[in-house]
Amino acid sequence: MLVLDVNYKNIAIDEKENKSRSIITILAKENSKKKEIQWEDFWPYYYAVVSDKKQAKKEIENVNTEEYSIKKIEEVKKDNAEKVLKLVFATTQGLAKSREEIKELPSVIELREHDIPFAKRFLIDYAVEPLNCAKITKDKIEKIDCEPKLKMLAIDIETLAPERFPDPKKDQILTVSIVDEKEATVLSSKEIKNAKFVKSFKDEKSMLTELINTIKKKNPDILLTYNGDGFDIPYLRERCRELGIKFAIGIDDSEPKAVTKGLTKAFRIEGMQHIDVYAMLTLLAKLAVVNLVKFDLESVVEVILNEKKEKIPSKSITEMWQNGSSLEKLARYNLEDSIATYKIAKKYLTLIIELCRLVKLTPFDVVRASASTLVESLLFRKAFEKNILIPNKPSEEEVSTRIETTYEGGYVKEPKKGLHERIAVLDFSSLHPTIIITHNISPETINCGHKECKEKNTAPNGVYFCTKKKGFVPETIEELFFRRMKIKKMLKEKSKDSKEYEVLNARQHALKIILNSFYGYLGYARSRWYSREAASAITAFSRKYVKFVGQEAEKLGFEFLYGDTDSAFLAIPEGKSKQDIIKFVENINAKLPGVMQLELEGFYKRGIFVTKKSDEKAAKKRYALIDEEGNLKIVGFEYVRRDWAPIAKKTQRKVIEAILKEGNPAKAVKIVRNVINKLKSGAVKKEDLVILTQIKKSLSSYEAIGPSVAAAKKAIARGKHIGIGSVIGYIITRRGKSISERAEMEEFVKEGDYDAEYYINNQVIPAVIKIMNELGYSKDDLIHGGKQKTLGSYW
DNA sequence: TAATTCGCTAGACCGA
DNA sequence: TCGGTCTAGCGAA
């Protein structure tokens, strides 16, 4: 049986006395049939840490147990607290209401685990893995690993938007696209001829009725939308109400329900998992699974699916609809959105499944979670297994004080500037997790009092960690770490295009994501397992280890060029070989404690470090390398930044290529001079001039009005809608004094209308000058031509 | 509305 | 109009 969802509901247990209870419901699928299982023997509960168990019990019995639906008060044993009572309730409402009064009772010190949602509580206590199979008997749920066959259905709507953001009270839904593995259909509320994929209806109401029927009939396990939480689902619900029908797509004929998630709402649909692919992608971007900054479907499709998708602005959609022209194009556009949504979801489904299983959250929750929620959810289960009480969330005051004091991070070495040859890059694999495991770093192992631990396991920041008893965090991480190693080993024997490989790879990826999140979680102010000392000790150890590698390398005659947090860049001098590096790594590994491990990331033929703009020191976090196959690795430079114009980025890349690949700085000069001339001639295309910047707060709250904000304000004055999080693409034109005054959003700029001086002096030259400086060229040489040099004189 | 710190750069802002 | 300081954004790890 495949577990699709766990939820709870309130049911009457005694109609006469008006008594009810909260009961867990499991939505499972067997032989492609969904069914709901009610779990009788599980009740809402929390713990109270008390000063005297008998006394506290009495006090609790004296409150209105009826109102709070208190069922039972049990004495329980927990490994990290002395006197603990477990309070069991009939309803979640009773539980919630009781907290205020219970926590104030004289013998009650504090409540614990009082804010764990009931369904989540069940997932923890029974170790239920959503999207995995299970054998469900009366009192047990036994996990059985399986490959779930999930039926997904993507929907997307187009609406009327006459000169305003669409309003479901007024603006009708024009078309709806529905896509699954087999079918791709558009429903239209007006006849669209000559389009096979369109089903036309006489009006909006009959179209929406068909949509509801189709969803019910297809009965998917997963309903996919793109920003369905923010738009499609509430719009459909409102619009249906407006038309006097019910958007009853739940398996129990209920409408989608809004669930508050932070500031925004998520829409839950009974009987299926609503995955908002937009939410999913913001999570995957935060977890560094995908590299996305713009989340509109067109940008996303380009990056993830490597496809081009045309955007039709809402204004044009309204026009097309009203004119009755190009309706087929409109329908196709609508269809493509659903297809894209479906494809993206499919691409990451395996990873999402593995994350659900690992942290024991439903896909609905996982895709809308944050890194901290994922880590915390996993720790909840571990705490249950280890029989320890989960720490409470910190109060707001506590959060503020935590934020006030920060701690020192990783070590970044100032690089040796200039061109270098024969570079080996070494890095620690899983640096933070391995430090945590090796040194047993956990909130509760700090300064344990043992003399021996202090002597043997003190971090460079002065705190030490117990060596006698494994900590909660390191024990958890260690288990995940070794599980991942094992999977990675298995992967080597699988064929890369097999399903097995895909699943195992997703599994190790999920583990990696969680492993990498623990360190940040320990230093995160709202964390339940917060420990600044622990987080600070981790970075202190990291600095020590990286410096150690650098020092040992120099002792052997390698040059320690650069290092950042977990890496060491070494130059291999004449007379030393790659083999010596391999030996060096082996030697270091023999000296490293615990599971610490240094790896050879790769060899590079050449590399360049440049000076900062502000002074003559070499810049950290910016360098370029070329490997033996001629592959460039450009880090930190303008080339990788989106807030630089493509003309500057492309030129920089070409310059780096000419120098590292061909060793031909004269060619680099030529490239730059050509670009300058082209800019001057006015022939550079708009698309090469656009600078992208995100608007991160409300436009009114900016103290300094930079070009992006200025451009956005002007665009708003022209009627454009720009919200927080919008990415502004602007061009510097010739109209105005300051740069901000001259900035205009791309769509309001004509081809050729740009400020060549700006793009030469503020974009192209700054992007290449520091690189050319290292080769002996000045700004003048770039602008006026001049000396010819070859790299020969340097090597 | 929520993993961390370190670091670079641009351009506005502000006072002289 | 200058130079220093501050705000802001983005990237590396």
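Worth saying up front: this structure is predicted, and the values here are computed from it rather than measured. In the text below, chain A, chain B and the rest are named by the order of the sequence lines, each starting its count at 1.
Here the side chains of A:Arg532 and A:Leu522 are not in contact, with every heavy-atom distance at 4.5 Å or above. For the pair A:Leu292/A:Ser299, no side-chain contact is recorded, criterion being any heavy-atom separation below 4.5 Å from C-beta on.
Across all strands, A:Lys621 comes closer than 4.0 Å to base atoms (heavy-atom distances). Residue A:Ser740 is classed as a sugar-phosphate contact, given heavy-atom separations below 4.0 Å to backbone atoms only. Residue contacts for A:Tyr758: at a heavy-atom cut-off of 4.0 Å it reaches the sugar-phosphate backbone alone, with no base atom in range. As judged by a 4.0 angstrom heavy-atom cut-off over every strand, A:Ser370 is placed among residues touching the sugar-phosphate backbone only. Contacts of A:Tyr407 with the nucleic acid, taken as non-hydrogen atoms under 4.0 Å apart, involve only primed sugar atoms and P, OP1 or OP2. When heavy atoms are screened at a 4.0 angstrom cut-off, A:Gly520 is found touching base atoms of the nucleic acid. Using a 4.0 Å heavy-atom distance criterion, A:Tyr530 is classed as making no nucleic acid contact. Within 4.0 Å of A:Trp644, counting heavy atoms only, lie sugar-phosphate atoms of the nucleic acid but no base atom. Within the nucleic acid shown, A:Asn762 comes within 4.0 Å of sugar-phosphate atoms alone, with no base atom in reach, counting heavy atoms only.
In the set B:dA3, C:dC10, B:dT9, the nucleotide with an atom closest to the side chain of A:Arg622 is B:dT9. The side chain of A:Asp643 lies closest to C:dC10, out of C:dC10, B:dC8, C:dG11. Of the candidates B:dT9, C:dC10, C:dA12, the closest approach to any side-chain atom of A:Lys696 belongs to C:dC10. When the nucleotides B:dG11, B:dC8, C:dG11 are ranked by their closest atom to the side chain of A:Arg642, C:dG11 comes out on top. Proximity note for A:Ser372 (side chain, C-beta onward) versus B:dA12, C:dA12, B:dA3: the nearest is B:dA3. Minimum atom distance to the side chain of A:Val640 is reached by C:dG11, of the listed B:dA12, C:dG11, B:dC8. Among the nucleotides C:dA8, B:dC6, B:dT5, the one closest to the side chain of A:Lys697 is C:dA8. Candidate nucleotides B:dT1, C:dA8, C:dG9 were compared by shortest atom distance to the side chain of A:Glu703, and C:dA8 ranks first. In the set B:dC6, B:dC8, B:dT5, the nucleotide with an atom closest to the side chain of A:Thr406 is B:dT5. Nearest nucleotide to the A:Leu263 side chain, out of C:dG11, C:dA12, B:dT1: B:dT1.
For the OP1/OP2 pair of C:dG9 and a distance below 4.0 Å, the side-chain nitrogens and oxygens of A:Tyr702 include at least one atom meeting the criterion.
With respect to A:Gln508, the side-chain hydrogen bond (donor to acceptor under 3.5 Å, both in side chains) criterion is satisfied by exactly one of A:Arg483, A:Arg484, A:Glu354: A:Arg484. A:Lys612 pairs in a side chain to side chain contact (heavy atoms under 4.5 Å, CB included) with only one of the listed residues (A:Lys617, A:Arg622, A:Glu414), which is A:Lys617.
A:Ile695 has its CD1 atom 9 Å from the P atom of C:dC10, to the nearest Å.
The distance between the ring centers of A:Phe609 and A:Tyr562 falls below 6.0 angstrom. The six-membered or imidazole ring of A:Phe541 lies near that of A:His439, with a centre-to-centre distance under 6.0 Å.
Evaluation of atom-type donor-acceptor distances gives a pair under 3.5 Å for the side chain of A:Arg641 against the base of C:dC10.
As rounded to the nearest Å, C:dT7 and B:dA3 have P atoms that lie 25 Å from one another.
Nucleotides of DNA chain B nearest to A:Ala704 and A:Thr405 differ in position, and the one nearer the 5' end is that of A:Thr405.
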